[in-house]
4 protein chains.
Amino acid sequence: MKAEDRKALILMYSKQLFSEYGYHMTQISDIIKRARIARGTVYQYFKNKDDIFITLLDNYFTTWRNGLAKRDSELDFSKITAVDFLKQRIKTTLQFFADDHELCNIVLKMGVGLHDNIEKVIQRLEGDIQTIIKEELYLGQRTRNISEDMDTDLVANLLTGAVLRTALYYFVQEREAFKDKTVDELAEGITRVFAPGLFQKVPSEEQETNDPS
Amino acid sequence: MKAEDRKALILMYSKQLFSEYGYHMTQISDIIKRARIARGTVYQYFKNKDDIFITLLDNYFTTWRNGLAKRDSELDFSKITAVDFLKQRIKTTLQFFADDHELCNIVLKMGVGLHDNIEKVIQRLEGDIQTIIKEELYLGQRTRNISEDMDTDLVANLLTGAVLRTALYYFVQEREAFKDKTVDELAEGITRVFAPGLFQKVPSEEQETNDPS
Amino acid sequence: MKAEDRKALILMYSKQLFSEYGYHMTQISDIIKRARIARGTVYQYFKNKDDIFITLLDNYFTTWRNGLAKRDSELDFSKITAVDFLKQRIKTTLQFFADDHELCNIVLKMGVGLHDNIEKVIQRLEGDIQTIIKEELYLGQRTRNISEDMDTDLVANLLTGAVLRTALYYFVQEREAFKDKTVDELAEGITRVFAPGLFQKVPSEEQETNDPS
Amino acid sequence: MKAEDRKALILMYSKQLFSEYGYHMTQISDIIKRARIARGTVYQYFKNKDDIFITLLDNYFTTWRNGLAKRDSELDFSKITAVDFLKQRIKTTLQFFADDHELCNIVLKMGVGLHDNIEKVIQRLEGDIQTIIKEELYLGQRTRNISEDMDTDLVANLLTGAVLRTALYYFVQEREAFKDKTVDELAEGITRVFAPGLFQKVPSEEQETNDPS
DNA sequence: GATGAATGAGTCTTCATTCAT
DNA sequence: CATGAATGAAGACTCATTCAT
């Protein structure tokens, strides 16, 4: 077997195990058992256990970035409405998670308690997602689709939280129950909830006071 | 020192450490060092490391339940508007997380890879939050404030994800940067985004865009 | 409660537990639980766990010695036959074990793996039993009841082994099944097996089968 | 080193230590120090400390069974006398213990206070020895060599106790003092004591009374 | 490259003993 | 004297990593 293939094999089985059992409860023994290779072989391709995990995350990260770039190149910004744009973004992101529910689980449910360098990678990924969303909200504000009073920081969190949890729920936790649910349906549903609140044209004076009476 | 006090002390320091370093990377050694007690003392009050963690989560769970009950008894359902009700709920939940940012971190960032019985407790907590939200959405539908076409499952996830992420972001991760941000402001902001989408009166024929007829 | 009574109480419960579970598997916690006293109280009466155990054995040792002395004073050496004497001795020893099946179990089944000072006490007890038996065999040889060719060392072991095992079997292991078996019956049975071999008058030339001359 | 060899090595050193210090006082640290291996190596071959001990006992058990079978196939039952048969059995058993004085010590001196599964194995071994002896006594009764009045249960205990104690005394405790004593001599001596009592043809009426004179 | 036996630092857990109240 | 919370040395077991074959 070629070196690259073997490395990919190890990654594949590791991904399965990390997704199901998490970083700590997945042992090298489990990986070599499932991959039917010798203990030492793992260390021929990876520096250590961390390295496997980080490689997995890095792959994910790269895939996600490429997905974003590809998507943008396909959009016709002159024609698309703000609502459709939002829906497109949500759909692309959901699709990304749907395509790899194992990595989805790893990223969305791993948190505190991993080694420092692992946490860094996860936070970079999460931070980047958030940043992109925020930038697009700014864009919306400049194009007058979104009120300037909107707290982009907060809204970015709302969107991120909502979308990531949706991904976790439909693609990992309740995967079987909703396997007929399409990414398109989910994106449509999310957009319908967020669009009215995001794209409302509210005069600033009414927004800033809670209750004028 | 009285038994209950000592137990509370151990729990307090454990909470700090679990929050900062997670379950796996927090060692009994760390706990006894910070609590300035002997190794054996921990085991006088807790069966093992799991037991400490689960006790912590159970306490949290109880606090949260009590908070919900207390809040409901204080609301005057005959006068409050749907929007204000939503805002109240969001605020209570955020307040709950704001009050204990350590447990907030533990619950929101712990996921896969803990022992079985620990995962169970966490999932129960998350599930209960989601269930309550869903029930209130049903209530909204019956009182005609929320469209019957709304996918309550999905919306419950959107709200849960949005609120939990907001809590994590403002009360844990960026705590220092936003320490002047009040819970009220956050609740207001979240409500403003969600209310228009939730309480819109949309005729069913316009919503069903996929209608084959 | 008086000091001596409390000490006796601790000894009593310790004996039960040591007999049932052995030295290592009996914990101070078990003793104080059964005796319904506080942990520290044990150490008011005994230096440590070893001390309890050794006190128990010493009591046993003393009881046994006294039993022997009492018995000898009751025998009329001018009238008793060698066979009856043997039977008497066996009976006394069996009675001694029968009277306290817990200590019987402790002594007969404890072996290697106890702390040094405990082992010493046990070996002293066993050694003393053996020595007494051997001395009586010498006496038998001098009174011409037992052949001078007899290997007293070996025979002492045979008797000791046979009697101790009988005690263990009938008074501890199969206690329930044979609770109607009297000590007298056992002594009679043992005597019947050993007497013919012990008191035979064998000419020396026939015994020394390995004689090279 | 091959796996089986390494396992045998660990067993060998463990046997030495268990024999000398017993189960509880022998630590994994002692074993790895004496075997000059790493701590983890032990756990590559054995599940835990119990597993080592039980493996040792099981090996012993198997050896003993095989010894019995081999011995029986070598005897010519048509020619041998009852006394010689007894002597042969005693000799075989003694030889068995003489061949491995460490396991002899472990089995003969271990008793109460070991973990449940260990005690089970020890009791099986002891029980089997006793059963075999009893069966042969029955055989003796059917062939009219042994009186039917004889209490086989009791006599089996006498023989077992006598032989096991002899083994312990000569092969373990006083090993150095009697290293010139042959197994044959011991078997001869034991037989000489037991044979007259076992093979006496006593009319039942004379047996039941103690001494009419 | 592949193997898997060997390694040993690291961790949890136990339990006899102490001592302030 | 009695109590029982606190102690900490000791010991079993784990598992990522190495390296000779």
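So you know, we letter chains A, B, ... as the sequences are listed, proteins then strands, and number each from 1. Both backbone and side-chain heavy atoms feed into the values below; hydrogens, waters and symmetry mates do not.
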message: Closest approach to the side chain of B:Tyr45, judged atom by atom: which nucleotide of E:dC12, F:dA5, E:dA16 is it?
response: F:dA5
- prompt: Taking the nucleotide of DNA chain E with the closest heavy atom to each, which residue, D:Gln44 or B:Thr41, is nearer the 5' end?
  reply: D:Gln44
- prompt: Tell me, do A:Ile37 and A:Arg6 make a side-chain contact under 4.5 Å, heavy atoms counted?
  reply: yes
task: Just jot down the salt bridge (Lys or Arg N to Asp or Glu O under 4.0 Å) partners of C:Lys49, sequence neighbours excluded, or say none.
output: none
task: May I have the distance from A:Tyr23 (atom OH) to F:dC15 (atom P), rounded to whole angstrom?
output: 13 Å
message: Tell me the interatomic distance from C:His24, atom NE2, to E:dA16, atom P, rounded to whole angstroms.
response: 11 Å
message: So, using side chain to side chain donor-acceptor pair (under 3.5 Å) as the criterion, who are the partners of D:Asp99 when residues are at least two apart?
response: D:Gln95
Mutual orientation of the aromatic rings belonging to A:Phe53 and A:Phe18 [parallel < 30°, tilted 30-60°, perpendicular > 60°]: perpendicular
- line: Closest to the side chain of C:Ile28, out of E:dC12, E:dA16, E:dT3, is E:dA16
field: Pair pattern of DNA chain E in dot-bracket, where unpaired bases get dots and | marks partners in another strand, Watson-Crick or G-U under 3.5 angstrom
entry: .||||||||||||||||||||
field: Results of ring pair (Phe, Tyr, Trp, His ring centres under 6.0 Å) for D:Phe46 - residues two or more places apart only
entry: none
task: List in chain and number order the residues that pass ring pair (Phe, Tyr, Trp, His ring centres under 6.0 Å) with B:Tyr60, two or more places apart in sequence or in another chain; answer none if no residue qualifies.
output: B:Phe96
message: Output the rounded distance in Å from CG (B:Asp30) to C1' (E:dT11).
response: 11 Å
Donor-acceptor contacts under 3.5 Å from residues 25-36 of chain D side chains, at least two apart:
unit_1  : atom_1 : unit_2  : atom_2 : d
D:Thr26 : OG1    : D:Leu17 : O      : 3.1
D:Thr26 : OG1    : D:Gly22 : O      : 2.7
D:Ser29 : OG     : D:Arg39 : NH2    : 2.8
D:Asp30 : OD2    : D:Gln27 : N      : 2.9
D:Arg34 : NH1    : D:Gln16 : OE1    : 2.9

- prompt: Is any side-chain nitrogen or oxygen of A:Ser29 closer than 4.0 Å to OP1 or OP2 of F:dC15?
  reply: no
- request: Write down the distance between CD1 (A:Ile52) and C1' (F:dT17), rounded to a whole number of angstrom.
  value: 12 Å
Between the protein and nucleotides 18-21 of chain E, which nitrogen or oxygen pairs come in under 3.5 angstrom?
none

- request: Could you pick out which residue, C:Val42 or D:Thr26, lies toward the 5' side of DNA chain F when each is mapped onto its nearest nucleotide?
  value: C:Val42
task: Name all residues meeting the side chain to side chain donor-acceptor pair (under 3.5 Å) criterion together with D:Asp50; count only those two or more places apart in sequence or in a different chain, and write none if there are none.
output: D:Tyr23, D:His115
task: Specify the separation, in whole Å, of atom CD1 of D:Ile32 and atom C1' of E:dG8.
output: 9 Å
message: Just to verify, what does D:Asp128 make a side chain to side chain donor-acceptor pair (under 3.5 Å) with, not counting sequence neighbours?
response: D:Arg65
- request: For the residue pair D:Ile52 and D:Thr55, establish whether any side-chain heavy-atom pair is separated by less than 4.5 Å.
  value: no
- request: Determine: side-chain N/O of A:Gln27 to OP1/OP2 of F:dC15, distance under 4.0 Å, yes or no.
  value: yes
message: Without decimals, in angstroms, what is the distance between B:Phe53 CZ and E:dC12 C1'?
response: 17 Å
- line: Rounded to whole Å, CZ of B:Phe46 lies from P of E:dC12 at a distance of 15 Å
- prompt: Which one, E:dA6, F:dC13, E:dT17, comes nearest to the side chain of D:Asn48?
  reply: F:dC13
- prompt: Looking for any heavy atom pair under 4.0 Å, which part of the strands does D:Ile37 touch: base, sugar-phosphate only, or nothing?
  reply: sugar-phosphate
query: For B:Asp51 and E:dC12, what is the distance between atoms CG and P respectively, to the nearest whole Å?
result: 15 Å
Whichever of A:Arg36 and C:Asp50 has its nearest DNA chain E nucleotide further upstream toward 5': A:Arg36
